[in-house]
K.L.:
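First, the structure itself, so that you have it in front of you.
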Amino acid sequence: MLAYFVRRILTMVPTLIAISFIVFVIIQLPPGDYLETLIAELEAQGESVDPQRIDFLREQYGLDRPFLEQYAHWAFGLLQGDMGYSFEYEQPVADVIGDRLWLTMVVAVASIVFIYVVSFPIGIYSAVRQYSTGDYVLSFIGFLGLATPNFLLALVLMWLANSWFGTSISGLMDPKYLDQPWSWAKVGSVLEHLWIPVVVIGTSGTAAMIRRLRANLLDELERQYVVTARAKGVSNLKLLFKYPLRLAINPFIADIGSLLPAVISGAAIVSVVLDLNTTGQMLVSALQSQDMYLAGSFLMFQALLVVIGVFLSDLALAALDPRIRLEGKAFK
Amino acid sequence: MVGLLTIEDLRISFDLPQGRLDAVRGVSFSVPDGGTVALVGESGSGKSVITQAILGILPRPASISGGRILFNDPKNGVEAIDIAQLDRDGAAMRAIRGARISIIFQEPMTALSPVHTVGNQIGEALELHRGVSGPEGREIVADMLRMVGFPDPERAIRTYPFELSGGLRQRAVIAMALICRPSLMIADEPTTALDVTIQAQILKLIRDLQQELGMAMLLITHDLGVVANVAEEVVVLYRGEVMESGEVDDIFRDPRHPYLRALLKAVPRFNMGRDERLVPLREIEHEGPSQLLAAKEAWPEDADPDLPLLKVESVSKSFSIRKSGWFGSSAEKEVLAVDDVSFTIARGECLGLVGESGCGKTTLSKIILRALTPDNGRVLFSDRGQELDVHQLDNHALTEFRTRIQFVFQDPYGSLNPRMTVYDIISEPLVIHEVGDEASRREMVKELMRVVGLDIRFLNRYPHSFSGGQRQRIGIARALALKPDLLICDEPVSALDVSIQAQILNLLKDLRRELGLTYLFVSHNLAVVDYIADRIAVMCRGRLVELAPRDLLFSGPIHPYTRALLAAVPEPSLEHRLDFAHLMDERASDPAGWPAPFTINGAAHPRLVDLGEGHFVRADPNRGPIRAAA
């Protein structure tokens, strides 16, 4: 188990290096760079551009260097915690991002917890009581959640929250706490606002998860070992939790890795609608204006989250399933 | 006197969307205390449903619609309990289930949960019914595991089912069923999924334990050989009704009911006459030699007609098992799947290839098909007198060769695409090889359907509407479509019921004669091979250990492995019962454990020795006399 753990951590390193390279290639892909976009913008507004200033900036930011050198500079900077400099905001990326990374993580983690907490009991119920009224009702609601566009749900919930609880429209906290230092009141305000994006982002994931868990569990419920256990005289509830659920849960755990990116990319649209100060909105604008270091940092951050998510789900799987732990690689 | 378990006029029906189905229609029998009763029948006869009713684990759509199941537990003394009246999931039923009546299932792999240790699963019933757990429970579990023959019970408690071999897994399942010392054990096809040598060991184990623990056994099986060797009383079921029941002697010596008599005639036995045919319950009507199929390309003038159709020359194949190391994986262990195998098959002959699971039979047949490449050796195929090295062929010659050898698979369910109609399935080889046009293909497919005895009106149906035997016939029709010379049949009847098995074997026999086919017939069932093959090759651990014409092999087997194999086959007759006292243990299939001159280990690598009359055996004549050792 320890060897597996260490090996898994070591394989994360080349993965992250490869991702960082791909990320850098992608943010460099559009023709031109930030300065050219800036020049075009300024000229469109009829302002003159000082070529000397542009050259100075280009040299300052290293935009005239070869591609690989720029990449190496950026990558080594990342290692030391230096995420580079945002052209658009004219401050270091770390300052621009500020609390956003943490807020994004809070929203993402809360959404995943929401998905699991809601879909787990519902999935079990619909499988065990297959084709019952409850199963049909829950499945219907699930499909409704899957089919409703996120932004619509966001707007509806926002309106409901405002008219029922008086929660301020949009944002992840009351406007008065913006740019304030963290305090318990601010945390409270975040919690008050958090549930709307969490529900909005989590709904479609929940519906999909319920379907998956139900299908998996239905498969397992028919298995021979379940009959064997019943023939031993195990009571129904204990049987369900000890045997079929234990095996049906594998995809549930394996999904952590794939849920994270889905939740985060879903959050981008929702954050625009809800005006959340998470990363989504800023990432979109950074990509538009070719603010490469800012965009690159966001993308790397998300990639890191996914890699960690997959790592965690692999560890959990190995801990739960002896077949993965003991058989190691499949052989042929 | 009332027996331990008395079933009176039991009726069980299923509520299905299509309507009500009566699976069991008024069955009565009884199991005496300490006795062994065999419930015999084909699939669909209702035998499994009856056991489920006894245990109260009927599937949801099924319900007991009449009759009584009286369980007269000696431990309870006083009064018999009617299980049919109990609530399925109630406490009273759960107290009987697993404690007083327990069950052994057919598939040891699926009957155990893969994510719980053996000790956990065995100890569960103990904890539930006797409240014993912790170190004390472990002690009892270890004792039980020792009793069923685990060499190291302490270690076995901590292992997971997938770490055990098939035989050990079934032993663990038996330990699980017996841990609470029930008074009735139900064995539902306990040995069907096992190899023949292991089957004999498990049968012996079950019998010994039954005597030791003094319990009664209800044995569910379709294998009359097992019945003859283990049971005291027999109940024959057909379509949910008892056809005949009585003492095992009466049943075998004097079968009364036509169904039972027919069933006994459908089972292949050793020492059947050369021309004796199996009589299936329902004979398939199939059309004789067909014009389209029999028409083969003419041979070139200078062809040698005496050339063997297939020559396998010292073929070896090994697989490497990857062990995961610190960084990724590194190849570590080489497993020799096929080791220096040579044989020939003459034109028109049927060679039987016998061996236990994992002995390399399937790998070998895949090498012949060129689905796998051997590490060493050659496969030579005579195409109309012209010798082809199968593994040197390329492009056009290879495509051409593919039509010469066809394959009939074991599993009639998995080998037909459920989304293709029968017409599409049978015509697919013709389409792939661009044989004829649409109209001639349709003619050919109709012809093939008639040849395997299927109605041509079924052509537009999908595989799910056919029974296992019919599906296997579709598979055979598909294999015949390209007019091959050689058919490789990989356990074509092992998934089928006895009476269906007889149908398919007879069909294969007739086709071979009518179409001049050559077979390589792979099977683990010696009686089946005896019925269909001319010569038999015995494989063990990737090596060919004995090869002989079938009469010679059965009358005078020489190799210790062949002898162990023959001794382990339960025959459906009372005259040749298994000699449980002299069963070979698991070393019978270990080449290092064979006595000289047959030993194969680091120092000795015997080769096949010709004993005359086409009888070959793998032995080293320098290390001792071969015949005397036998």
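First the proteins, then the strands, lettered A, B, ... as listed; each starts at 1. Keep in mind it's a predicted model, so treat the numbers as computed, not measured.
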K.L.:
Which bit of Val234(A) comes within less than 4.5 Å of chain B, counting heavy atoms only: side chain, backbone, both or neither?
P.N.:
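Both backbone and side chain of Val234(A) come within 4.5 Å of chain B.
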K.L.:
Can you tell me which portion of Gln52(B) sits under 4.5 Å from chain A's heavy atoms? Options are side chain, backbone, both or neither.
P.N.:
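Nothing of Gln52(B), per the 4.5 Å heavy-atom cut-off to chain A.
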K.L.:
Quick check: does any side chain N or O of Lys232(A) sit under 3.5 Å from a backbone N or O of Leu126(B), one acting as donor and the other as acceptor?
P.N.:
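Checking the backbone N and O of Leu126(B) against the side chain of Lys232(A), no donor-acceptor pair under 3.5 Å is found.
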K.L.:
Between Arg60(B) and chain A, which part of the residue has a heavy atom less than 4.5 Å away: side chain, backbone, both or neither?
P.N.:
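Only the side chain of Arg60(B) comes within 4.5 Å of chain A.
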K.L.:
Which atoms of Ser235(A) come close to chain B, meaning under 4.5 Å heavy atom to heavy atom: side chain ones, backbone ones, both, or neither?
P.N.:
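For Ser235(A), the contact with chain B is made by backbone and side chain together.
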K.L.:
Can you tell me how far apart CD (Gln224(A)) and OG (Ser113(B)) are? Round to the nearest 0.5 Å.
P.N.:
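Here the rounded value is 12.5 Å.
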K.L.:
Let me confirm one number: the CZ-CG distance from Arg88(B) to Asn236(A), rounded to the nearest 0.5 Å.
P.N.:
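Answer for the CZ-CG pair, Arg88(B) versus Asn236(A), is 10.5 Å.
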K.L.:
Which atoms of Asp188(B) come close to chain A, meaning under 4.5 Å heavy atom to heavy atom: side chain ones, backbone ones, both, or neither?
P.N.:
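Neither part.
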K.L.:
Please report the interatomic distance CG(Asp89(B)) to CG(Leu239(A)), rounded to the nearest 0.5 Å.
P.N.:
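So the gap between those two atoms works out to 9.5 Å.
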K.L.:
Under 4.5 Å from any heavy atom of chain A, what part of Ser102(B) do you find: side chain, backbone, both or neither?
P.N.:
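Answer is neither: Ser102(B) stays 4.5 Å or more from chain A.
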K.L.:
What residue, out of Ala125(B), Ala177(B), Gly98(B), Ala111(B), has the most heavy-atom pairs lying under 4.5 Å from chain A?
P.N.:
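Answer, by heavy-atom pair count under 4.5 Å with chain A: Ala111(B).
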K.L.:
Quick one: pull up CD1 in Ile57(B) and OG1 in Thr228(A) and give me the separation to the nearest 0.5 Å.
P.N.:
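Rounded to the nearest 0.5 Å, the CD1-OG1 separation comes to 8.0 Å.
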K.L.:
Is it the case that over 12 heavy atoms from other parts of the model lie below 6.0 angstrom from the CZ atom of Phe67(A)?
P.N.:
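Above 12, so yes.
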K.L.:
Is any side-chain heavy atom of Tyr160(B) closer than 4.5 Å to one of Arg323(A)?
P.N.:
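Side chain of Arg323(A) against side chain of Tyr160(B), heavy atoms only: no contact under 4.5 Å found.
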K.L.:
So does Arg230(A) get a backbone contact from the side chain of Arg97(B), meaning a donor-acceptor N/O pair under 3.5 Å?
P.N.:
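Looks like yes, one N/O pair under 3.5 Å.
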K.L.:
Just checking Lys366(B): does its NZ atom have more than 12 heavy atoms from other residues, nucleotides or ligands closer to it than 6.0 angstrom?
P.N.:
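Atom NZ in Lys366(B) is not crowded, with 12 or fewer foreign heavy atoms closer than 6.0 Å.
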K.L.:
Taking the six-membered ring for Trp and the single ring otherwise, decide whether the centroids of His116(B) and Tyr225(A) are under 6.0 Å apart.
P.N.:
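That pair fails the under 6.0 Å test.
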K.L.:
Taking the side chain as every heavy atom from C-beta outward, state whether Asn120(B) and Lys242(A) have any atom pair closer than 4.5 Å.
P.N.:
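Yes, their side chains come closer than 4.5 Å.
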K.L.:
Under 4.5 Å heavy-atom distance to chain A, tell me which part of Met176(B) shows up: side chain, backbone, both or neither.
P.N.:
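Only the side chain of Met176(B) comes within 4.5 Å of chain A.
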K.L.:
What heavy-atom pair brings Pro114(B) and Pro322(A) nearest, and what distance separates the two atoms?
P.N.:
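Between these two residues, the closest heavy atoms are O-CG, 3.7 Å.
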K.L.:
Return yes when atom CZ of Arg8(A) has more than 12 non-hydrogen atoms of other residues, nucleotides or ligands closer than 6.0 Å, and no otherwise.
P.N.:
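Counting neighbours around CZ of Arg8(A), more than 12 heavy atoms of other residues, nucleotides or ligands fall under 6.0 Å, so yes.
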K.L.:
Do Leu320(A) and Val115(B) have side chains that get closer than 4.5 Å, going by heavy atoms?
P.N.:
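Counting from C-beta outward, Leu320(A) and Val115(B) never come under 4.5 Å.
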K.L.:
Between Leu112(B) and chain A, with a heavy-atom cut-off of 4.5 Å, which part of the residue counts as in contact: side chain, backbone, both or neither?
P.N.:
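For Leu112(B), backbone heavy atoms alone lie under 4.5 Å from chain A.
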